[in-house]
Amino acid sequence: MTERTAKLTLDDGQTIDLPVLEGTEHEKAVDVSSLRKSTGYITYDDGFVNTGCCTSTITYIDGENGILRHRGYPIEDLAESCTFTEAAYLLIYGELPTRPEARAFTDRLSEHSDIHEDMKHFFTGYPSGAHPMSIMSAMVTSLSTFHPTVRDEDWTFDETAARLIAKVRTIAAFSYRKASGKPYIYPRADLNYASNFLNMMFSGDGEDYEINPVLVRALTRVLILHADHEQNCSTSAVRLVGSSRANLYASIGAGISALSGPLHGGAAQGVVEMLLKIQADGNDVDKYVAMAKDKDDPFRLMGFGHRVYKNYDPRAKIIKGACDQVFDDLQINDPLLDIAKKLEKVALEDEYFVERSLYPNVDFYSGILYRSMGIPVNMFTVIFAIGRLPGWIAHWRESSQDPEWKIWRPRQIYNGAVARKIVPMDER
Ligand code: ACO
């Protein structure tokens with residue numbers, strides 16, 4: 001809170017002074033929470049395009065300048081120097097771990113990697129074509145039936161958070177194995193987070209499957225890049241559900257469901273499907289750019305545009321670099337990468353995209369990278385969810401610890417019929 005206030009004058013003559021808040025990076029906000037009480041007015045902001053719903057110490061984004069920092073550390077540095085579990089620890093607990101803290105955290109993850117044997121039966125109940133994101137949200141919510149939790153004890157939180165981070169990876173790999181009709185591969189305590197995931201996904205496929213360190217490094221990077229992004233749709237869902245004092249599993253289940261939409265985490269799948277379509281259509285990039293610009297056509301360039309970034313998404317830059325590195329190191333040639341680069345070039349030079357500040361977002365190149373790892377398209381959003389989990393947990397914890405905790409309950413402007421009487425059915 002600052003000493004400053006903003007004055008609001010309504011056309012009925014009422015004037016009110018509203019407090020001004022300022023963040024550590026000098027972001028400013030007018031606190032309108034007292035407005036209704038003193039004037040009867042609410043604020044209206046369709047889709048929350050300009051509404052701050054909390055204060056937070058986790059992530060800072062400057063969308064105009066393409067800046068993303070977690071707990072003060074630039075995303076570029078975290079992606080370059082950290083493991084995924086270190087980044088997860090940072091987000092949840094506020095500081096990078098010391099060596100003993102990192103070891104204790106990793107041990108805790110190893111301890112919780114297995115899922116209860118009874119849960120394995122759940123997988124068999126889903127139809128073979130079931131989307132792994134639907135399976136994942138149901139399985140995560142089901143975890144609370146096996147591990148009932150007390151909400152506000154710190155030690156319970158630590159266990160629950162570790163359990164989720166460890167088990168979500170196992171659930172994801174099992175849902176892939178189930179969908180492909182392959183036997184489950186159990187987690188191994190001797191492997192790091194990303195290696196363990198790749199091993200559970202693919203090690204049963206051939207006698208000589210070897211975990212490739214180039215892919216492990218790339219997957220680690222992608223997971224870190226997805227780890228948090230402040231008040232996006234899914235994180236807001238987690239905070240909203242958690243605000244009713246719902247437990248962590250239920251809140252994360254809501255986050256996974258929110259992430260599954262094609263305008264949010266589903267975009268990586270959408271990008272690859274779009275690129276495949278362009279390829280099948282003779283690589284006609286210009287045609288698809290024209291379709292994206294046509295207001296009578298619902299088609300949008302997937303992986304382009306962002307509510308917050310009006311500059312190149314810093315995560316997209318890193319993933320593009322990671323893609324080039326993996327393709328070089330492993331001598332991979334995927335024509336979809338060439339189409340993506342051409343599409344990016346055409347769009348970035350086009351007036352429509354320039355005027356609207358539409359740049360590639362995190363999902364534009366991530367799908368192509370997943371393909372190079374052998375990860376099928378319907379698992380892309382699942383990987384996003386594994387990466388985003390520490391962020392969701394960090395936000396749930398932060399909101400739980402807020403001394404002014406209250407249930408989230410937005411208001412609306414009612415635009416429907418005014419009061420009327422029920423007419424008997426025969427007279428309608
Ligand atoms: N292709 C073509 N036009 C676009 C695109 C796009 N991908 N994105 C935005 N626009 C246009 C809109 O039509 C609108 O044009 P107008 O001003 O002439 O009406 C203008 O740009 C602003 O777009 P909005 O939809 O108002 O922007 P909003 O902030 O609501 O949406 C969103 C952001 C949902 C990401 C949007 O850009 C989009 O649909 N992108 C494609 C899907 C995608 O990649 N989603 C992943 C987002 S990142 C993430 O969740 C991890």
Side-chain angles (χ1 to χ4, degrees), residues 45-51 59 61 63-64 66 68 70 75 79 133 221-238 254-275 277-278 285-320 339-340 343-370 377 380-392 395:
D45 178 17
D46 192 5
F48 305 133
V49 292
N50 196 39
T51 292
T59 290
I61 301 176
E64 274 68 33
L68 168 62
H70 297 314
I75 189 64
M133 275 299 271
R221 263 197 194 157
V222 178
L223 292 176
I224 293 173
L225 293 176
H226 284 94
D228 189 46
H229 213 235
E230 52 119 301
Q231 310 310 320
N232 54 84
C233 175
S234 56
T235 304
S236 300
V238 170
I256 295 171
S257 299
L259 188 71
S260 67
L263 295 188
H264 191 11
Q269 176 168 346
V271 171
V272 166
E273 286 166 353
M274 172 184 77
L275 295 174
K277 227 180 189 174
I278 297 175
V285 162
D286 293 329
K287 175 178 163 187
Y288 285 81
V289 170
M291 275 162 62
K293 289 159 51 177
D294 181 356
K295 291 292 164 201
D296 295 326
D297 191 324
F299 174 78
R300 282 189 166 195
L301 276 197
M302 296 312 288
F304 251 79
H306 198 278
R307 174 63 62 80
V308 177
Y309 290 117
K310 301 304 165 199
N311 202 321
Y312 210 105
D313 182 336
R315 303 165 300 170
K317 240 182 235 169
I318 302 171
I319 295 191
K320 189 179 179 186
I339 299 173
L343 188 59
E344 179 190 341
K345 189 166 183 298
V346 172
L348 290 183
E349 285 168 1
D350 191 292
E351 202 179 320
Y352 173 96
F353 292 87
V354 175
E355 258 174 17
R356 292 167 179 75
S357 302
L358 299 170
Y359 292 86
N361 59 49
V362 66
D363 284 325
F364 193 66
Y365 286 102
S366 57
I368 297 173
L369 192 56
Y370 298 146
V377 171
F380 291 179
T381 321
V382 171
I383 313 268
F384 190 154
I386 298 173
R388 183 53 56 88
L389 195 57
W392 288 333
H395 283 272

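Remember, it's a predicted structure, so these values are computed and weren't measured experimentally. Each ligand, and each atom within it, is numbered from 1 in the order the structure gives.
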Nearest non-hydrogen protein atom, atom 48 (S) of ligand 1
H306 CD2, 3.6 Å
Subset of ligand 1 atoms that lie under 4.0 Å from at least one heavy atom of H264
46 (C), 49 (C), 50 (O)
With a 4.5 Å cut-off on side-chain heavy atoms, are L348 and V354 touching?
no
CG on L68 to CG on D313, rounded to 0.5 Å:
8.0 Å
Does L301 reach ligand 1 with a nitrogen or oxygen that is under 3.5 Å from one of the ligand's nitrogen or oxygen atoms?
yes
Provide the number and element of each atom of ligand 1 under 4.0 Å from a heavy atom of V362.
51 (C)
Does an N or O from R300, backbone or side chain, lie closer than 3.5 Å to an N or O of ligand 1?
yes
My understanding is that we take every heavy atom of each candidate and find the minimum distance to atom 43 (C) of ligand 1. Doing that for G270, A316, A267, G47, which one comes out nearest?
A267
Can a salt bridge be assigned to the pair K277 and E273 using a cut-off of 4.0 Å between side-chain N and carboxylate O?
no
Does the N or O separation between F304 and ligand 1 drop below 3.5 Å for any pair?
yes
Minimum-distance protein heavy atom relative to atom 45 (N) of ligand 1:
L263 O, 3.2 Å
Please list, in number order, the atoms of ligand 1 under 4.0 Å from a heavy atom of F384.
51 (C)
Could you tell me how the ring of H229 sits relative to the ring of Y309: parallel (under 30°), tilted (30 to 60°) or perpendicular (over 60°)?
tilted
List the closest protein heavy-atom neighbour of atom 13 (O) of ligand 1: residue, atom name, distance to the nearest 0.1 Å.
K295 NZ, 2.9 Å
Among all the protein's non-hydrogen atoms, which is closest to atom 35 (C) of ligand 1, and how far away is it?
G305 O, 3.6 Å
Heavy-atom distance from atom 19 (O) of ligand 1 to the protein below 4.0 Å?
yes
Shortest protein contact, atom 28 (P) of ligand 1 (heavy atom only):
R307 NE, 3.6 Å
Any idea which of Y309, Y288, Y352 brings a heavy atom closest to atom 3 (N) of ligand 1?
Y352
Do D363 and F380 make a side-chain contact, defined as non-hydrogen atoms from C-beta onward lying under 4.5 Å apart?
no
Does any N/O atom on D363 come nearer than 3.5 Å to any N/O atom on ligand 1?
no
Under 4.0 angstrom from ligand 1, any heavy atom of F299?
no
Are any of the side-chain heavy atoms of T235 and E230 separated by less than 4.5 Å?
no
Specify the protein heavy atom at minimum distance from atom 17 (O) of ligand 1: its residue, its atom name, and the distance to 0.1 Å.
R356 NE, 3.7 Å
Pairing donors with acceptors under 3.5 angstrom, does anything connect the side chains of Y365 and E344?
yes
for atom 42 (C) of ligand 1, nearest protein heavy atom and its distance come out as M302 CE, 3.7 Å
Kindly compute the distance separating NZ (K293) from CG (L301), expressed to the nearest 0.5 Å.
10.0 Å
Scanning both residues in full, the closest heavy-atom pair of S366 with A268 reads OG-CB, 3.7 Å
Please check if the side chain of R300 supplies one atom and the backbone of A292 the other of a donor-acceptor pair under 3.5 Å.
no
Under 3.5 Å: donor-acceptor pair, side chain of N361, backbone of H306
no
Around atom 4 (C) of ligand 1, find the nearest protein heavy atom and jot down its residue, atom name and distance.
L358 CD1, 3.6 Å
Between F353 and ligand 1, does any nitrogen or oxygen pair lie at a separation below 3.5 Å?
no
Could an N or O of ligand 1 be found under 3.5 Å from any N or O of K310, whether backbone or side chain?
no
Does NZ or CZ of R356 come closer than 6.0 Å to the centre of the six-membered ring of F353, within 45° of the ring's axis?
no
Within-4.5 Å side-chain heavy-atom neighbours: R315 and V222:
no
Those atoms of ligand 1 less than 4.0 Å from some heavy atom in G303
43 (C), 44 (O)
Quick one: does ligand 1 sit under 4.0 Å from the side chain of V271, the backbone, both or neither, non-hydrogen atoms only?
neither
Quick one: does K320's side chain get under 4.5 Å of Y312's, heavy atoms only?
yes
